[in-house]
Visitor: 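Below are the C-alpha coordinates for one structure; questions will follow.
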Amino acid sequence: MVGPKGEQIGVVSVNRALRLAREAGLDLVEVAPRSKPPVAKLMDYGKFKYEAAQKAREARRNQTNAQLKEIRFRLKIDSHDYETKKGHVIRFLKAGDKVKVMIMFRGREQSRPEFGYRLLMKLADELKEYATIEFKPRQDGRNMTMVLAPTRTKAEIRAEAERARREAERAEADAEQAD
(Lines give C-alpha, C1' and ligand atoms only; values in the text may rest on other atoms or scores of the structure.)
Protein backbone atom coordinates (compact mmCIF):
# COMPACT_ATOMS: atom_id res chain seq x y z
CA MET A 1 0.00 0.00 0.00
CA VAL A 2 1.11 3.56 -0.77
CA GLY A 3 0.33 6.48 1.53
CA PRO A 4 -1.12 9.89 0.53
CA LYS A 5 2.34 11.49 0.14
CA GLY A 6 3.78 8.59 -1.86
CA GLU A 7 5.40 6.85 1.11
CA GLN A 8 5.40 3.06 1.30
CA ILE A 9 3.15 1.69 4.07
CA GLY A 10 3.70 -1.95 3.26
CA VAL A 11 1.41 -4.94 2.91
CA VAL A 12 -1.74 -4.44 5.03
CA SER A 13 -5.15 -6.06 5.15
CA VAL A 14 -8.08 -4.53 3.30
CA ASN A 15 -9.86 -3.66 6.57
CA ARG A 16 -6.79 -1.83 7.92
CA ALA A 17 -6.33 0.01 4.60
CA LEU A 18 -9.98 1.14 4.63
CA ARG A 19 -9.62 2.30 8.23
CA LEU A 20 -6.46 4.30 7.35
CA ALA A 21 -8.31 5.89 4.42
CA ARG A 22 -11.29 6.81 6.63
CA GLU A 23 -8.99 8.34 9.28
CA ALA A 24 -7.14 10.42 6.68
CA GLY A 25 -10.40 11.49 4.96
CA LEU A 26 -9.20 10.02 1.65
CA ASP A 27 -10.23 7.28 -0.76
CA LEU A 28 -8.59 3.87 -1.11
CA VAL A 29 -7.84 3.38 -4.80
CA GLU A 30 -6.50 0.15 -6.27
CA VAL A 31 -3.63 1.21 -8.57
CA ALA A 32 -2.25 -2.13 -9.77
CA PRO A 33 -4.85 -4.89 -9.29
CA ARG A 34 -2.90 -7.59 -11.19
CA SER A 35 0.32 -7.37 -9.17
CA LYS A 36 0.99 -9.79 -6.31
CA PRO A 37 -0.06 -8.44 -3.82
CA PRO A 38 -2.37 -5.79 -5.40
CA VAL A 39 -1.19 -2.20 -4.89
CA ALA A 40 -3.58 0.39 -3.44
CA LYS A 41 -3.06 4.08 -2.76
CA LEU A 42 -4.64 6.58 -0.39
CA MET A 43 -5.74 9.63 -2.43
CA ASP A 44 -8.53 12.12 -3.02
CA TYR A 45 -10.05 10.40 -6.05
CA GLY A 46 -12.22 13.39 -7.08
CA LYS A 47 -9.17 15.64 -7.16
CA PHE A 48 -7.25 12.98 -9.12
CA LYS A 49 -10.00 12.76 -11.77
CA TYR A 50 -10.24 16.56 -12.00
CA GLU A 51 -6.47 16.94 -12.54
CA ALA A 52 -6.47 14.17 -15.16
CA ALA A 53 -9.30 15.93 -17.03
CA GLN A 54 -7.38 19.23 -16.88
CA LYS A 55 -4.26 17.57 -18.31
CA ALA A 56 -6.29 16.00 -21.13
CA ARG A 57 -7.93 19.36 -21.93
CA GLU A 58 -4.54 21.09 -21.98
CA ALA A 59 -3.13 18.40 -24.28
CA ARG A 60 -6.04 18.85 -26.71
CA ARG A 61 -5.59 22.63 -26.65
CA ASN A 62 -1.88 22.36 -27.46
CA GLN A 63 -2.47 19.87 -30.26
CA THR A 64 -1.99 21.35 -33.72
CA ASN A 65 -2.98 20.01 -37.08
CA ALA A 66 -0.72 20.67 -40.04
CA GLN A 67 -2.63 21.20 -43.25
CA LEU A 68 -1.61 20.21 -46.76
CA LYS A 69 -1.47 23.35 -48.91
CA GLU A 70 -1.23 23.05 -52.67
CA ILE A 71 0.54 25.30 -55.15
CA ARG A 72 0.54 24.82 -58.93
CA PHE A 73 3.28 25.67 -61.37
CA ARG A 74 3.41 25.56 -65.15
CA LEU A 75 6.49 24.17 -66.83
CA LYS A 76 7.13 27.43 -68.75
CA ILE A 77 7.04 29.75 -65.76
CA ASP A 78 8.59 33.21 -65.77
CA SER A 79 11.27 33.92 -63.16
CA HIS A 80 9.15 36.59 -61.39
CA ASP A 81 6.14 34.26 -61.21
CA TYR A 82 8.42 31.52 -59.92
CA GLU A 83 9.76 33.79 -57.15
CA THR A 84 6.22 34.85 -56.21
CA LYS A 85 5.01 31.26 -55.92
CA LYS A 86 8.19 30.30 -54.06
CA GLY A 87 7.34 33.07 -51.58
CA HIS A 88 3.89 31.53 -51.07
CA VAL A 89 5.49 28.13 -50.44
CA ILE A 90 7.88 29.68 -47.89
CA ARG A 91 4.94 31.37 -46.12
CA PHE A 92 3.08 28.05 -45.88
CA LEU A 93 6.17 26.26 -44.59
CA LYS A 94 6.89 28.96 -42.00
CA ALA A 95 3.32 28.51 -40.74
CA GLY A 96 4.09 24.81 -40.25
CA ASP A 97 1.98 23.41 -43.08
CA LYS A 98 3.00 20.81 -45.64
CA VAL A 99 3.01 21.92 -49.26
CA LYS A 100 2.08 19.85 -52.30
CA VAL A 101 3.85 21.38 -55.30
CA MET A 102 2.30 20.46 -58.64
CA ILE A 103 3.53 21.08 -62.18
CA MET A 104 0.87 20.87 -64.87
CA PHE A 105 2.00 19.71 -68.31
CA ARG A 106 0.18 20.68 -71.51
CA GLY A 107 0.48 19.25 -75.00
CA ARG A 108 4.05 18.45 -76.01
CA GLU A 109 5.35 19.32 -72.52
CA GLN A 110 4.18 15.85 -71.43
CA SER A 111 6.90 14.23 -73.51
CA ARG A 112 9.66 15.96 -71.48
CA PRO A 113 8.95 15.23 -67.78
CA GLU A 114 12.65 15.70 -66.90
CA PHE A 115 12.18 19.48 -67.20
CA GLY A 116 9.44 19.33 -64.58
CA TYR A 117 11.63 17.16 -62.36
CA ARG A 118 14.48 19.70 -62.64
CA LEU A 119 12.14 22.58 -61.76
CA LEU A 120 10.81 20.79 -58.67
CA MET A 121 14.29 19.80 -57.50
CA LYS A 122 15.49 23.41 -58.02
CA LEU A 123 12.62 24.60 -55.81
CA ALA A 124 13.40 21.96 -53.16
CA ASP A 125 17.08 22.93 -53.19
CA GLU A 126 16.24 26.63 -52.73
CA LEU A 127 13.91 25.79 -49.83
CA LYS A 128 16.15 23.32 -47.98
CA GLU A 129 16.41 25.60 -44.92
CA TYR A 130 12.59 25.66 -44.61
CA ALA A 131 11.59 22.19 -45.80
CA THR A 132 12.51 18.61 -46.46
CA ILE A 133 11.19 16.51 -49.31
CA GLU A 134 8.54 14.15 -47.99
CA PHE A 135 7.60 12.66 -51.37
CA LYS A 136 10.01 12.94 -54.28
CA PRO A 137 8.66 14.27 -57.61
CA ARG A 138 6.60 11.72 -59.47
CA GLN A 139 4.55 11.82 -62.64
CA ASP A 140 0.82 11.39 -62.22
CA GLY A 141 -0.82 11.62 -65.62
CA ARG A 142 -0.55 15.22 -66.86
CA ASN A 143 0.85 16.42 -63.54
CA MET A 144 4.06 15.97 -61.59
CA THR A 145 3.77 16.34 -57.82
CA MET A 146 6.13 16.64 -54.87
CA VAL A 147 5.32 17.12 -51.17
CA LEU A 148 7.47 19.32 -48.94
CA ALA A 149 7.30 19.08 -45.14
CA PRO A 150 8.39 21.95 -42.87
CA THR A 151 11.60 21.49 -40.90
CA ARG A 152 9.86 22.73 -37.72
CA THR A 153 6.51 21.52 -36.44
CA LYS A 154 3.50 23.75 -36.05
CA ALA A 155 3.68 23.35 -32.26
CA GLU A 156 7.30 24.58 -32.22
CA ILE A 157 6.36 27.59 -34.34
CA ARG A 158 3.41 28.41 -32.06
CA ALA A 159 5.59 28.08 -28.94
CA GLU A 160 8.24 30.35 -30.44
CA ALA A 161 5.63 32.99 -31.34
CA GLU A 162 4.21 32.82 -27.81
CA ARG A 163 7.70 33.22 -26.32
CA ALA A 164 8.39 36.24 -28.55
CA ARG A 165 5.06 37.80 -27.56
CA ARG A 166 5.84 37.37 -23.85
CA GLU A 167 9.30 38.90 -24.31
CA ALA A 168 7.79 41.89 -26.12
CA GLU A 169 5.27 42.39 -23.29
CA ARG A 170 8.08 42.17 -20.73
CA ALA A 171 10.19 44.73 -22.63
CA GLU A 172 7.17 47.05 -22.87
CA ALA A 173 6.53 46.73 -19.13
CA ASP A 174 10.21 47.44 -18.39
CA ALA A 175 10.09 50.54 -20.65
CA GLU A 176 7.01 51.80 -18.77
CA GLN A 177 8.74 51.31 -15.41
CA ALA A 178 11.80 53.21 -16.63
CA ASP A 179 9.65 56.28 -17.45
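These values consider heavy atoms only, across backbone and side chains, with no hydrogens, waters or symmetry-generated copies.
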Visitor: Step by step, would you call Phe105 with Asn143 a side-chain contact (heavy atoms from CB on, under 4.5 Å)?
Guide: CA-CA 6 Å; Phe105 293 102; Asn143 302 319; 5.8 Å; no

Visitor: When hydrophobic residues are tied together by side-chain contacts of less than 4.5 Å, even through go-betweens, does Leu18 share a cluster with Val12?
Guide: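 Yes, same cluster.
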
Visitor: Side chain of Gln177, backbone of Asp174: donor and acceptor closer than 3.5 Å?
Guide: no

Visitor: Between Arg166 and Glu162, does at least one N-O distance fall below 4.0 Å, as a salt bridge requires?
Guide: yes

Visitor: Within the 4.5 Å heavy-atom criterion, are His88 and Lys69 side-chain neighbours or not?
Guide: no

Visitor: Got a salt bridge between Glu58 and Arg60, using NZ or NE/NH1/NH2 to carboxylate O under 4.0 Å?
Guide: no

Visitor: Taking a hydrophobic cluster as the set of Ile, Leu, Val, Met, Phe, Trp and Tyr residues connected by side-chain heavy atoms closer than 4.5 Å, whether directly or through intermediates, do Leu26 and Tyr50 fall within one such cluster?
Guide: no

Visitor: Search all heavy atoms of Lys100 against all heavy atoms of Thr145 and return the closest pair with its distance.
Guide: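 Here Lys100 and Thr145 meet closest at CE-CG2, 3.8 Å.
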
Visitor: Treat each ILVMFWY residue as a node, draw an edge where side-chain heavy atoms are under 4.5 Å apart, and state whether Ile71 and Met146 are in one component.
Guide: yes

Visitor: If every non-hydrogen atom of Leu148 is compared with every non-hydrogen atom of Leu93, which pair is closest and at what distance?
Guide: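 The pair with the smallest heavy-atom distance is O-CD2, 4.1 Å.
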
Visitor: Does a side-chain N-to-carboxylate-O contact under 4.0 Å join Glu51 and Lys55?
Guide: no

Visitor: Heavy-atom distance under 4.5 Å between the side chains of Lys98 and Glu134, does that happen here?
Guide: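 Side chain of Lys98 against side chain of Glu134, heavy atoms only: contact under 4.5 Å found.
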
Visitor: The test is side-chain contact (heavy atoms from CB on, under 4.5 Å); show your working for Arg106 and Arg74 and say whether it passes.
Guide: CA-CA 9 Å; Arg106 282 198 311 199; Arg74 294 292 321 278; 2.9 Å; yes

Visitor: So how far is it from Leu42 CG to Arg22 CZ, rounded to the nearest 0.5 Å?
Guide: 11.5 Å

Visitor: Are Ile77 and Leu75 in one and the same hydrophobic cluster, where Ile, Leu, Val, Met, Phe, Trp and Tyr link if side-chain heavy atoms are under 4.5 Å apart?
Guide: yes

Visitor: Decide if atom CZ of Arg16 counts as having more than 12 heavy atoms of other residues, nucleotides or ligands within a radius under 6.0 Å.
Guide: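 No, because the 6.0 Å sphere around CZ of Arg16 holds 12 heavy atoms or fewer from other groups.
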
Visitor: Is there a side-chain contact between Met144 and Met102 in this structure, where contact means two heavy atoms from C-beta onward sitting under 4.5 Å apart?
Guide: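 No, their side chains stay 4.5 Å or more apart.
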
Visitor: More than 12 heavy atoms of other residues, nucleotides or ligands under 6.0 Å from CZ of Arg165: yes or no?
Guide: yes

Visitor: Could you go through residues 111-131 and list every donor-acceptor pair under 3.5 Å that involves a side-chain atom there, pairing it with any protein atom two or more places apart or in another chain?
Guide:
unit_1: Ser111; atom_1: OG; unit_2: Arg108; atom_2: O; d: 2.7
unit_1: Arg112; atom_1: NE; unit_2: Glu114; atom_2: OE2; d: 2.7
unit_1: Arg112; atom_1: NH2; unit_2: Glu114; atom_2: OE2; d: 3.3
unit_1: Asp125; atom_1: OD1; unit_2: Lys128; atom_2: NZ; d: 3.2
unit_1: Glu126; atom_1: OE1; unit_2: Tyr82; atom_2: OH; d: 3.0
unit_1: Glu126; atom_1: OE1; unit_2: Lys86; atom_2: NZ; d: 3.1

Visitor: Do Asp97 side-chain atoms and Gln67 backbone N/O form a donor-acceptor pair below 3.5 Å?
Guide: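 Pair found, side chain donor or acceptor close to backbone of Gln67.
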
Visitor: Looking at Gln54 and Ala56, would you say the former's side chain and the latter's main chain have a donor-acceptor pair under 3.5 Å?
Guide: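 Checking the backbone N and O of Ala56 against the side chain of Gln54, no donor-acceptor pair under 3.5 Å is found.
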
Visitor: Which donor-acceptor pairs under 3.5 Å do side chains of residues 27-41 form with protein atoms, sequence neighbours excluded?
Guide:
unit_1: Asp27; atom_1: OD2; unit_2: Tyr45; atom_2: N; d: 3.0
unit_1: Ser35; atom_1: OG; unit_2: Ala32; atom_2: O; d: 3.1
unit_1: Ser35; atom_1: OG; unit_2: Pro37; atom_2: O; d: 3.0

Visitor: Side chains of Glu109 and Lys76: does their closest heavy-atom pair fall under 4.5 Å?
Guide: yes

